[in-house]
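Data block below; observations after.
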Amino acid sequence: MSFRHTAAALLAVAALAASAPASAQVRGKDAVVMAMALEPTGLDPTTAAAASIGEIVHYNVLETLVRIREDGSVVPLLAEKWTVSPDARTFTFELRRGVRFHNGEPFSAETVKYAFERAAAADSTNKDKPTFAAIEAIRVTDPHVVAIRLKGNNPDFLFNVGLSTAVIVEPKSAATNATNPVGTGPYRVENWVRGSSLTLAKWPEYRDAQKIRMSRVTWRFISDPAAQIAAILAGDVDAMPRITGKAIDAVKNDPRFRVQVGGSRAKTILAINNKKKPLDDVRVRRAIAMAIDRKAVIVGAADGFGVPIGSHYVPGAFGYVDTTGVNPFDPAKARALLAEAGVKTPLELTLKLPPPPYSRQGGEVIAAQLAKVGIVAKMQNVEWAQWMSGVYTNRDYDLTIISHVEPLDLGNYAKDNYYWNYESPKFRALFSRISQTGDDAERARLLGEAQRLIAQESPNVFLYQPPWVSVANAKLKGLWKDVPIFANDLSLLYWE
């Protein structure tokens, strides 16, 4: 659906559904229906990279040692407290007692050891495997005490063990978590109707069950923007975190709903396969970047919501520097760089677009801009599973548009065999220094260097930082406004 057609459809939906009654009362005060655009292909965040997995299971079904709150702070969860050695390399966690997994197995220090060693194993497909591979030793000193020794300093380690990739899995059930996740959280997966919905039911044996006010949470998967807002207006859905910005126009004057526009650490990028010729030439990559007007992309892809970025880092993050001037919008310079690189135009490239509107609509805008410098972007719409297998896993693409939603993910550019095939010894050496620097001022300086280097080497085109827009029934409370990580902490929800 084009940008213009989507807007028209939303206006029509709003007119038809303006008087539709919200139906939360029919469901009762202990149930809620949520919606999300992308259905995950599985439910184990330790084996697959899709952020949509964490949106459902993180903190709800599967838990981590620590919890990351809406403001980005780190607080206890499965670990009651911890200490850090003077050299900042050993983290000793004291664990909660009496915790059990959904299958009745006990949670202990040995479980933590198993989960982290599994994440670091040679056959691990955990997208944050480097975090766990950087562990030198895991020592169980007591059934409820585990000491983790790092190979080098990592100032972000506590934050990292609160991410969905660090959930503690139970050994006997780990192999089947993708379809039947077994965790220590307040909810279990009750039913999953592929292509339609997934229902979580409150686990009565949860240690703090009396504090969990929602007995049932149903997730509906709705990819079409017009259908999303129709479901909200009709009361079929009580809340949709991270909805299209156009939803605001449909509900902003309706007292039945609450709109929240919050901050994020997401980076929407035009990813480039750095090993495909002629994309292996930095001049070609910089030409592509200079052919693109970021502000026009924000209007066309994100309904005007977004802040331009020039590297894989966003305003508000520690050590941020503005690099948007490194590859400014300059079509004439873009054409000159292509000529300097010996590229004969028209240059044909594939542009693979997953389902989210920011990608499909952004693809139309970017293809039109690239055409003006002699680059023909052949758009191919792919479903999410196709994107994960074809682009992310097999690297079968030239260009793609995607949002990287994780915070603290600059280290992706130092990974082996990551999907954009960027290999820079200079960046890897720099990031190694960042990872082992505990002094805040020095670390901020090095982060600035890393952002400038990434902007100059242009492994991708950095488009914008999206805010997250959520729409909910005005009586539903507890939804995050700001989104430091892709999670929905359902334990916070309640009806007013």
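Within a 6.0 Å radius of NZ in K295, no more than 12 heavy atoms belonging to other residues, nucleotides or ligands are found.
Atom OG1 of T323 sits about 9.0 Å away from atom CZ of R452, to the nearest 0.5 Å. A distance of 11.0 Å separates CE in M388 from CG in N394, rounded to the nearest 0.5 Å. Note that CD of Q210 is 8.5 Å distant from CD1 of I212, once rounded to the nearest 0.5 Å. Distance CD1/I402 to CD1/I269: 8.0 Å, rounded to 0.5 Å. Residue L163 holds its CG atom at 7.5 Å from OG1 of T131, rounded to the nearest 0.5 Å. The structure places CD1 of I56 at 4.0 Å from CZ of F221, a figure rounded to the nearest 0.5 Å.
R258 places a side-chain heavy atom less than 4.5 Å from the side chain of Q260. Looking at L62 and S164, their side chains never come closer than 4.5 Å, going by heavy atoms from C-beta outward. F305 is not listed as a side-chain neighbour of Y358, based on a closest heavy-atom distance of 4.5 Å or more. Between S491 and K211, the closest side-chain pair of non-hydrogen atoms is not below 4.5 Å. No side-chain heavy atom of I272 sits under 4.5 Å from any side-chain heavy atom of Y422. When side chains are defined from C-beta on, I168 counts as touching F101, because their heavy atoms get closer than 4.5 Å. With contacts defined as side-chain heavy-atom distances shorter than 4.5 Å, the pair V307/Y464 does not qualify. With a 4.5 Å cut-off on side-chain heavy atoms, E39 and R194 count as touching.
Under a cutoff of 6.0 Å and an axis angle of 45°, R96 and F107 do not form a cation-pi pair.
With sequence neighbours left out, R285 forms a side chain to side chain donor-acceptor pair (under 3.5 Å) with N274. Residues passing the side chain to side chain donor-acceptor pair (under 3.5 Å) test with S435: none are found, sequence neighbours excluded.
Although no hydrogens or angles enter the test, the distance criterion places no donor-acceptor pair under 3.5 Å between the side chain of R242 and the main chain of M36. Panel note: side chain R67, backbone V74; no donor-acceptor pair is recorded below 3.5 Å. Side-chain N or O atoms of W495 include one that pairs as donor or acceptor with a backbone N or O of A31 at under 3.5 Å. At least one donor-acceptor pair under 3.5 Å links the side chain of N60 to the backbone N or O of N488. Panel note: side chain Q369, backbone D293; a donor-acceptor pair is recorded below 3.5 Å. With hydrogens and angles disregarded, no donor-acceptor distance shorter than 3.5 Å links the side chain of S73 to the backbone of R69. E70 contributes a side-chain N or O that, together with a main-chain N or O of K481, makes up a donor-acceptor pair within less than 3.5 Å. T393 contributes no side-chain N or O that, together with a main-chain N or O of G390, makes up a donor-acceptor pair within less than 3.5 Å. With hydrogens and angles disregarded, no donor-acceptor distance shorter than 3.5 Å links the side chain of E55 to the backbone of F486.
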In sequence, state the C-alpha distance, the side-chain angles, and the governing distance for D30 and K202, and then conclude on salt bridge (Lys or Arg N to Asp or Glu O under 4.0 Å). CA-CA 10 Å; D30 67 341; K202 180 178 174 180; over 6 Å; no
For the pair L410 and F427, evaluate side chain to side chain contact (heavy atoms under 4.5 Å, CB included) and give the outcome as yes or no after the intermediate values. CA-CA 10 Å; L410 195 61; F427 180 84; 4.0 Å; yes
Please assess F116 against L65 for the test side chain to side chain contact (heavy atoms under 4.5 Å, CB included), listing each intermediate value before the final yes or no. CA-CA 11 Å; F116 287 3; L65 292 180; 4.0 Å; yes
The test is side chain to side chain contact (heavy atoms under 4.5 Å, CB included); show your working for D236 and V33 and say whether it passes. CA-CA 7 Å; D236 295 332; V33 176; over 6 Å; no
Under the criterion side chain to side chain contact (heavy atoms under 4.5 Å, CB included), I'd like the reasoning laid out for M214 against Y187: C-alpha separation, chi angles, the key distance, then a yes or no. CA-CA 10 Å; M214 294 297 176; Y187 292 95; 3.3 Å; yes
Could you please spell out the steps behind the ring-ring contact (aromatic ring centres under 6.0 Å, His included) verdict for Y418 and W420? CA-CA 6 Å; Y418 202 60; W420 47 58; 4.7 Å; yes
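Judged purely by distance below 3.5 Å, without hydrogens or angles, the side chains of N273 and N421 pair a donor atom with an acceptor atom. Residues E457 and S424 bring a donor and an acceptor atom of their side chains to less than 3.5 Å of each other. T47 and T125 share no donor-acceptor pair across their side chains, judged by distance under 3.5 Å alone. With no hydrogens or angles considered, a side-chain donor-acceptor pair links K415 and N412 at under 3.5 Å. Residues T199 and E190 have side chains that never bring a donor and an acceptor to within less than 3.5 angstrom of each other. Looking at T437 and D439, their side chains never bring a donor and an acceptor atom within 3.5 Å of each other. Judged purely by distance below 3.5 Å, without hydrogens or angles, the side chains of R294 and N327 never pair a donor atom with an acceptor atom. Between D303 and T244, the side chains place a donor N or O and an acceptor N or O closer than 3.5 Å (distance only, hydrogens not considered). For the 3.5 Å distance criterion, the side chains of H312 and D409 qualify, holding a donor opposite an acceptor.
When V61, N177, V189 are each tested for a side chain to side chain contact (heavy atoms under 4.5 Å, CB included) with L43, only one passes: V189. Here the options are Y313, Y413, Y419, Y392, the test is ring pair (Phe, Tyr, Trp, His ring centres under 6.0 Å), and the partner is H404; only Y419 passes. I248 pairs in a side chain to side chain contact (heavy atoms under 4.5 Å, CB included) with only one of the listed residues (I243, I229, V469), which is V469. Checked options T64, N160, D128, T46; the residue passing with T165 is D128 (criterion: side-chain hydrogen bond (donor to acceptor under 3.5 Å, both in side chains)).
The residues D156 and R443 are annotated as salt-bridged, a charged nitrogen and a carboxylate oxygen being separated by less than 4.0 angstrom. Salt bridge R445/E449: present, at least one basic N to carboxylate O contact under 4.0 Å.
Contact detail for F93 and I148: the closest heavy-atom pair is CE1-CD1, 3.9 Å. The nearest pair of heavy atoms linking P255 to A474 is O-CB, 3.6 Å. The minimum heavy-atom distance between I401 and S359, with the atom names listed, is O-OG, 3.1 Å. Listed here is the closest heavy atom pair of E406 and K267: O-NZ, 2.8 Å. Nearest heavy-atom pair across Q451 and G319 is NE2-O, 2.8 Å. Minimum heavy-atom separation, V314 to R265: CG2-CD, 3.8 Å.
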